[in-house]
Student: 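Attaching a single structure in structure tokens format; questions to follow.
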Amino acid sequence: MPSLEFVTVDVFTRTRFRGNPLAIVTIPSGHDVPTPTLQAITREFNLSETVFLHDSADVTADIPSWTIRIFMTEAELPFAGHPTIGTACHVMSTLAPRKSRAILHCKAGPIEIEYADGVARASIPHNVHVHIESPFTGTEVKTLQPRLKGKELLNIATVSPVKGMNFIYIQLPDLETLALVECTGLKPNPKLDSAWNVGFCGSVFYVLGERPTTPDSAVKQSLRMRMIEGILEDPATGSAACGLAAFLAMKGGNRHVEFEMTQGVEMVRQSDIGVAVTLDQSAEVVEKIVLSGSAVKVMEGRVEYD
């Protein structure tokens, strides 16, 4: 009976049983596991995502690299944030413990990794697009979330951090209103711009916190967020965090903004997500997105397959 080694880690936290769980399954060099089998293994773990990590022959290189594939229970993803950070922390702490830089190759492209003091920083592939052809309405939001009827919605935007990953971002006025959000089983069905009408869509509700400016003029922004997709709530959604950070940076016109995002509090799985966004000279186009966070190992074992 063939089998594969796996570990699980909790991502965007240093505390076990907080953050967002992730399974990382290692595929040895020379092994070819069919995609339907990878999808079946993902469904067996039944986590928000599972990563399949292909063994690397160059772990001793100055900048080692690995190829990864990221799956949800229903489909493969080109990129996702918490799998990237969780895998980066795992490989840098166990497979290349003396290295501070690496590259992860995913479907969306190469991801440059920096690692120090238990924190992975990933330069995220991005192609940020704000949808404008058919804006999502407050009526549609309140159909998804009936408990928000009568509540103020400060801003609604549909944004894709990369093509195929789509989020409706709804700004709420305070944490009391954020607490009303629930898993209703209803999924958003936005009319995406014609050239971008593909892929996953989730709803993100957020409340802005403090926005201090440091002496060197760097802008820092804190916020709380929740990501709902039908009957599921995600404890930490790195891709959604990246899209929201990019949108807010472009909206505010600041060339460099560092975001400190907290997610999963209502699930008792607090996740601490860092996102730094740099815009180009026009302050209208995203030049760079860096996602950061920690991870802690929880389980290890082997998964058998037919």
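Values reported hereafter were calculated over all heavy atoms of this structure, with side chains retained and with hydrogens, waters and symmetry mates removed.
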Student: So, does D193 use its side chain to make a donor-acceptor pair with the main chain of W196 at under 3.5 Å?
Tutor: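 Pair absent, no side-chain N/O of D193 close to backbone of W196.
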Student: Take M72 and F200 through the test side-chain contact (heavy atoms from CB on, under 4.5 Å) and record every step on the way to the result.
Tutor: CA-CA 10 Å; M72 299 175 66; F200 166 89; 4.0 Å; yes
Student: Would I103 and I111 count as a side-chain contact (heavy atoms from CB on, under 4.5 Å) here? Give the steps.
Tutor: CA-CA 5 Å; I103 296 176; I111 304 172; 5.9 Å; no
Student: Report yes if the side chains of Y115 and V91 come closer than 4.5 Å at any heavy-atom pair, otherwise no.
Tutor: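 Sidechains of V91 and Y115: no contact.
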Student: Once rounded to the nearest 0.5 Å, what's the spacing between atom CZ of F52 and atom CD1 of I68?
Tutor: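 Output value for this atom pair is 12.0 Å.
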Student: When you check the side-chain N and O atoms of T237 and Q263, is any donor under 3.5 Å from an acceptor?
Tutor: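 Indeed, the side chains of T237 and Q263 share at least one donor-acceptor pair under 3.5 Å.
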Student: Answer with yes or no whether the hydrophobic clustering places L38 together with L53; edges join I, L, V, M, F, W, Y residues whose side-chain heavy atoms lie under 4.5 Å apart.
Tutor: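 No, L38 does not connect to L53 through the hydrophobic network.
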Student: Among R255, H256, K288, exactly one meets side chain to side chain donor-acceptor pair (under 3.5 Å) together with T278. Which residue is that?
Tutor: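 Answer to the side chain to side chain donor-acceptor pair (under 3.5 Å) test with T278 among R255, H256, K288: H256.
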Student: Where do A236 and I273 come nearest, in terms of heavy atoms and distance?
Tutor: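 Scanning both residues completely, I find the closest heavy atoms to be CB-CD1, 4.1 Å.
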Student: Would you check if there is a donor-acceptor pair between the side chains of N166 and S160 at a distance under 3.5 Å?
Tutor: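 Checked: S160/N166 side chains pair up, N/O donor to acceptor below 3.5 Å.
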Student: Could you measure the distance from the CD1 atom of I170 to the OG1 atom of T158? Nearest 0.5 Å is fine.
Tutor: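 Atom-to-atom, I170:CD1 and T158:OG1 are 8.0 Å apart.
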Student: Does any part of the side chain of L153, heavy atoms only, come nearer than 4.5 Å to the side chain of P173, both counted from C-beta?
Tutor: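 In short, these two side chains do not touch, never coming nearer than 4.5 Å.
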Student: With a 4.5 Å cut-off on side-chain heavy-atom distances among I, L, V, M, F, W and Y, is there a chain of contacts connecting L223 to M250?
Tutor: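 Cluster IDs for L223 and M250 match.
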Student: Decide whether L144 and I228 are clustered together by the hydrophobic rule: side chain heavy atoms of Ile, Leu, Val, Met, Phe, Trp, Tyr closer than 4.5 Å, transitively.
Tutor: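 Shared cluster, yes.
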Student: Determine whether more than 12 heavy atoms belonging to other residues, nucleotides or ligands lie under 6.0 Å from atom CD of E76.
Tutor: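 Enclosed: over 12 neighbouring heavy atoms sit under 6.0 Å from CD of E76.
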Student: Backbone N or O of T177 within a donor-acceptor pair of the D174 side chain at under 3.5 Å?
Tutor: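 Yes; judged by distance alone, with no hydrogens or angles, the pair exists.
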Student: If you compare all heavy atoms of C242 against all heavy atoms of I289, which two are closest, and at what distance to 0.1 Å?
Tutor: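 So the two residues come closest at SG-CG2, 3.8 Å.
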Student: Okay, side chain of S3, backbone of R302: is any donor-acceptor separation there less than 3.5 Å?
Tutor: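 No.
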Student: Could you check, using the six-membered ring where one of them is a Trp, whether F6 and F45 have ring centers closer than 6.0 angstrom?
Tutor: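 Under 6.0 Å, so yes.
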Student: If I take atom CD from residue Q171 and atom OH from residue Y206, how far apart are they, to the nearest 0.5 angstrom?
Tutor: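 One finds 4.0 Å between CD of Q171 and OH of Y206.
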Student: Would you check if the side chain of S294 reaches a backbone N or O of G118 as a donor-acceptor pair within less than 3.5 Å?
Tutor: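 Checking the backbone N and O of G118 against the side chain of S294, a donor-acceptor pair under 3.5 Å is found.
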Student: Could you go step by step and tell me if E114 and R101 meet the salt bridge (charged side-chain N to carboxylate O under 4.0 Å, His left out) rule?
Tutor: CA-CA 5 Å; E114 295 182 356; R101 298 174 63 198; 5.2 Å; no
Student: I want to check something: taking the side chain as every heavy atom from C-beta on, are D272 and T262 in contact at a cut-off of under 4.5 Å?
Tutor: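 Contact flag for D272/T262 side chains = yes.
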Student: Please assess E266 against R224 for the test salt bridge (charged side-chain N to carboxylate O under 4.0 Å, His left out), listing each intermediate value before the final yes or no.
Tutor: CA-CA 11 Å; E266 294 78 8; R224 274 265 297 274; 2.8 Å; yes
Student: Please tell me if the side chains of V159 and H131 come closer than 4.5 Å, counting only heavy atoms from C-beta onward.
Tutor: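 Sidechains of H131 and V159: no contact.
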Student: What distance separates L232 CG from C183 SG, expressed to the nearest 0.5 Å?
Tutor: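 Output value for this atom pair is 6.5 Å.
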Student: Using a 6.0 Å cut-off, check whether atom CD of E260 has over 12 heavy atoms from anything other than its own residue.
Tutor: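 No, because the 6.0 Å sphere around CD of E260 holds 12 heavy atoms or fewer from other groups.
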Student: Do any N or O atoms from the side chain of E210 and from the backbone of S222 form a donor-acceptor pair under 3.5 angstrom?
Tutor: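 No; judged by distance alone, with no hydrogens or angles, the pair does not exist.
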Student: Heavy atoms, side chains only, cut-off 4.5 Å: are C201 and F167 in contact?
Tutor: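 With C-beta onward as the side chain, the pair stays apart.
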Student: Which heavy-atom pair separates L291 from I85 by the least distance, and what is that distance?
Tutor: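 Closest pair (atom of L291, atom of I85, distance): O-CD1, 3.5 Å.
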Student: Do you know the tightest heavy-atom contact between C89 and G293?
Tutor: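 The pair with the smallest heavy-atom distance is SG-O, 3.7 Å.
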Student: Please walk me through it: do F79 and T84 pass side-chain contact (heavy atoms from CB on, under 4.5 Å)?
Tutor: CA-CA 8 Å; F79 159 76; T84 298; 3.4 Å; yes
Student: Is the shortest side-chain heavy-atom distance between T8 and L22 below 4.5 Å?
Tutor: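 Answer no - side chains too far apart.
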Student: Side-chain contact test, heavy atoms from C-beta onward, threshold under 4.5 Å: evaluate it for K187 versus E229 and give yes or no.
Tutor: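 Side chain of K187 against side chain of E229, heavy atoms only: contact under 4.5 Å found.
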Student: Can you tell me how far CZ of R147 sits from NZ of K151, rounded to the nearest 0.5 angstrom?
Tutor: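 Reported to 0.5 Å precision, the distance equals 9.5 Å.
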Student: Only one of H82, R16, R269, K297 clears side chain to side chain donor-acceptor pair (under 3.5 Å) with D10; which?
Tutor: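 Passing option: R269.
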Student: Given 3.5 Å as the limit, does a donor-acceptor pair link the side chain of H126 with the main chain of I124, or not?
Tutor: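 Yes.
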Student: Please name the pair of heavy atoms, one in A61 and one in K99, separated by the smallest distance, quoted to 0.1 Å.
Tutor: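 Distance-wise, the nearest heavy atoms are O-NZ, 2.9 Å.
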Student: Just by distance, do the side chain of E284 and the backbone of L279 share a donor-acceptor pair under 3.5 Å?
Tutor: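 Checked: no pair found.
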Student: Determine whether more than 12 heavy atoms belonging to other residues, nucleotides or ligands lie under 6.0 Å from atom NZ of K142.
Tutor: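 Enclosed: over 12 neighbouring heavy atoms sit under 6.0 Å from NZ of K142.
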Student: Can you tell if the side chain of V9 reaches within under 4.5 Å of the side chain of P21, non-hydrogen atoms only?
Tutor: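 A side-chain contact under 4.5 Å is absent here.
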Student: Consider only side-chain heavy atoms of I, L, V, M, F, W and Y, link residues closer than 4.5 Å, and tell whether V7 and V59 are in one cluster.
Tutor: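 V7 clusters together with V59.
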Student: If you look at every heavy atom in A23 and L47, which pair is closest and at what distance?
Tutor: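 The pair with the smallest heavy-atom distance is N-CD1, 3.6 Å.
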Student: side-chain contact (heavy atoms from CB on, under 4.5 Å) between R226 and E233: does it pass, once the steps are laid out?
Tutor: CA-CA 7 Å; R226 300 177 68 180; E233 179 168 3; 2.9 Å; yes
Student: Please check: side-chain N/O of Q221 versus main-chain N/O of G209, any donor-acceptor pairing under 3.5 Å?
Tutor: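 Indeed, once roles are kept as given, a pair shorter than 3.5 Å links the two residues.
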Student: So R18 and Q270, side-chain hydrogen bond (donor to acceptor under 3.5 Å, both in side chains) or not? Walk me through it.
Tutor: CA-CA 6 Å; R18 299 290 176 94; Q270 178 170 326; 5.4 Å; no
Student: Measuring from C106:SG to W66:CH2, what's the distance to the nearest 0.5 Å?
Tutor: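 Atom-to-atom, C106:SG and W66:CH2 are 15.0 Å apart.
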Student: Between T137 and E140, does a side-chain hydrogen bond (donor to acceptor under 3.5 Å, both in side chains) hold up when you go through it step by step?
Tutor: CA-CA 5 Å; T137 67; E140 290 175 294; 3.2 Å; yes
Student: Just by distance, do the side chain of T37 and the backbone of V33 share a donor-acceptor pair under 3.5 Å?
Tutor: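 Checking the backbone N and O of V33 against the side chain of T37, no donor-acceptor pair under 3.5 Å is found.
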Student: Shared ILVMFWY cluster between M227 and F205, side chains joined below 4.5 angstrom?
Tutor: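 Shared cluster, no.
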Student: Taking S56 for its side chain and S65 for its backbone only, find out whether a donor-acceptor pair lies under 3.5 Å.
Tutor: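 Yes; at least one donor-acceptor contact below 3.5 Å.
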